[in-house]
Amino acid sequence: MIRRISALALLMLLATNVFAGNDANVEKVVTASAYYTRGKATIINHYLSDQQYKGPISGFGVEFGSMYKRSENLSWDLTGKYLGAGYSAGAHDSCIGNPAQTSFIEMQAYEVNYGTYYNWNPVKNLLFKAGGSVNVMGGLMTGVPDHVNNAMDFDLQTQLRAGVGVKYGCYFNKFGVSLQADFSVPFIGMAISSSIYESSVDSILGGEILPGTIQPFCFTSFHNFQSYDTKAELDFLFRKFTLFYAYERSMRSWYLNGLQNTRNYSLNRIGLKLDLVFRNRLDSSNRYF
């Protein structure tokens with residue numbers, strides 16, 4: 001049954017590629033963007049501790065996007081993001097810590113997302129998109145400074161996500177401004193999970209005496225994995241480049257193998273967009289890019 005559901009979801013995700021068969025002799029320019037991001041994190045990881053941890057987090061990301069070669073309406077994007085937080089004994093305010101500031105978390109998280117979206121342009125300067133994406137996330141968390149047992153935990157997830165977006169812009173001779181909002185949720189996927197007594201890595205590799213005792217690979221859907229990503233972005237378009245600011249909320253919460261986990265981020269982005277081939281960004285039909 002799970003295999004049938006997974007196959008159906010994958011077909012739904014890739015079905016929009018059928019529209020790519022439309023002939024369109026329009027140059028499809030790839031847009032690349034890079035940004036720095038910083039914000040606040042709320043983390044619950046019951047393998048490391050039964051407490052809630054809060055603190056600042058920062059990172060960077062890159063994005064690539066364009067329309068498919070044979071379509072005027074079908075677009076793709078490829079994004080990558082890194083988020084991290086360290087520990088400093090003399091600067092607890094810059095660390096992710098528990099309420100008493102006696103225990104902290106060091107973390108690194110990596111995320112890659114590939115999406116395909118169908119675009120609508122009902123009226124001038126107003127754009128809508130809807131589609132899906134494949135998301136892969138991996139990370140490492142370490143309890144500091146004095147965690148002895150359950151001191152390290154790994155995250156590894158892959159999710160199929162459904163997403164929508166809207167964008168509206170005002171464009172002038174030498175300058176333009178656009179505002180866009182995007183929202184996505186996962187509907188099916190897989191994730192590894194530790195249990196309260198055994199880490200996911202130990203269960204996979206096994207010990208010198210005893211093999212792993214849990215199944216770390218878990219099927220996920222709405223019953224055990226709740227998540228959303230939302231973003232509001234303001235773009236300032238110039239002739240050769242675009243400057244942008246975005247506010248992002250990202251929440252993942254899952255309950256697997258008897259453990260509760262939450263990754264809740266509120267982030268601010270600032271970055272730059274450039275086209276890999278020069279074009280006038282104020283006179284573009286490349287939809288979101």
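Only heavy atoms go into these numbers, but all of them, side chains included; no hydrogens, no water, no symmetry mates.
At a threshold of 4.0 Å, the pair Arg161-Asp229 counts as salt-bridged, since one of the basic side-chain nitrogens sits closer than that to a carboxylate oxygen. Salt-bridge annotation for Arg263 and Glu111: absent, with no side-chain N of the basic residue lying under 4.0 Å from a carboxylate O of the acidic one. Salt bridge absent: Lys167 and Asp182 never bring a charged side-chain N and a carboxylate O closer than 4.0 Å. For the pair Asp155 and Arg252, the salt-bridge criterion is not met [side-chain N within less than 4.0 Å of a carboxylate O].
In this structure a side-chain-to-backbone donor-acceptor pair under 3.5 Å is present from Gln226 to Phe222.
Residues Lys28 and Ser71 come closest through the heavy atom pair CE-O, 3.1 Å. Considering all non-hydrogen atoms of both residues, Phe64 and Trp76 come closest at O-CZ3, 3.6 Å. In plain terms, the two heavy atoms of Ser75 and Tyr68 that are nearest each other are O-CE1, 3.5 Å. Of all the heavy atoms in Tyr245 and Arg269, the pair that sits closest is CD1-O, 3.1 Å. Nearest approach of Tyr87 to Cys95, heavy atoms of both residues: CA-SG, 3.8 Å. Looking at every heavy atom in both residues, Val185 comes nearest to Ser227 through CG1-O, 3.6 Å.
Crowding of Lys54 atom NZ: a count of heavy atoms from other residues, nucleotides or ligands under 6.0 Å not exceeding 12.
A cation-pi arrangement is present between Lys273 and Phe244 under the rule of less than 6.0 angstrom and at most 45 degrees off the ring axis.
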Carefully, step by step, assess Phe60 and Tyr82 under the rule ring-ring contact (aromatic ring centres under 6.0 Å, His included).
CA-CA 6 Å; Phe60 56 88; Tyr82 164 79; 5.5 Å; yes
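No option in Leu272, Asp235, Leu274 other than Asp235 meets the side-chain contact (heavy atoms from CB on, under 4.5 Å) test with Thr242.
The closest side-chain donor-acceptor pair between Ser49 and Asn45, if any, does not fall under 3.5 angstrom.
Under the 30°/60° scheme for interplanar angles, the aromatic rings of Tyr118 and Trp120 are found to stand perpendicular. Using bins of under 30°, 30° to 60° and over 60° for the plane-to-plane angle, the ring pair Phe104/His92 lands in the tilted bin.
Residues Met67 and Asn119 meet the side-chain proximity criterion, which asks for heavy atoms closer than 4.5 Å.
In the hydrophobic clustering, Tyr265 connects to Ile43, Tyr47, Leu48, Tyr53, Ile57, Leu83, Ile96, Ile105, Met107, Met141, Ile196, Tyr197, Leu259, Leu267, either directly or through intervening members, whenever side-chain heavy atoms lie under 4.5 Å apart.
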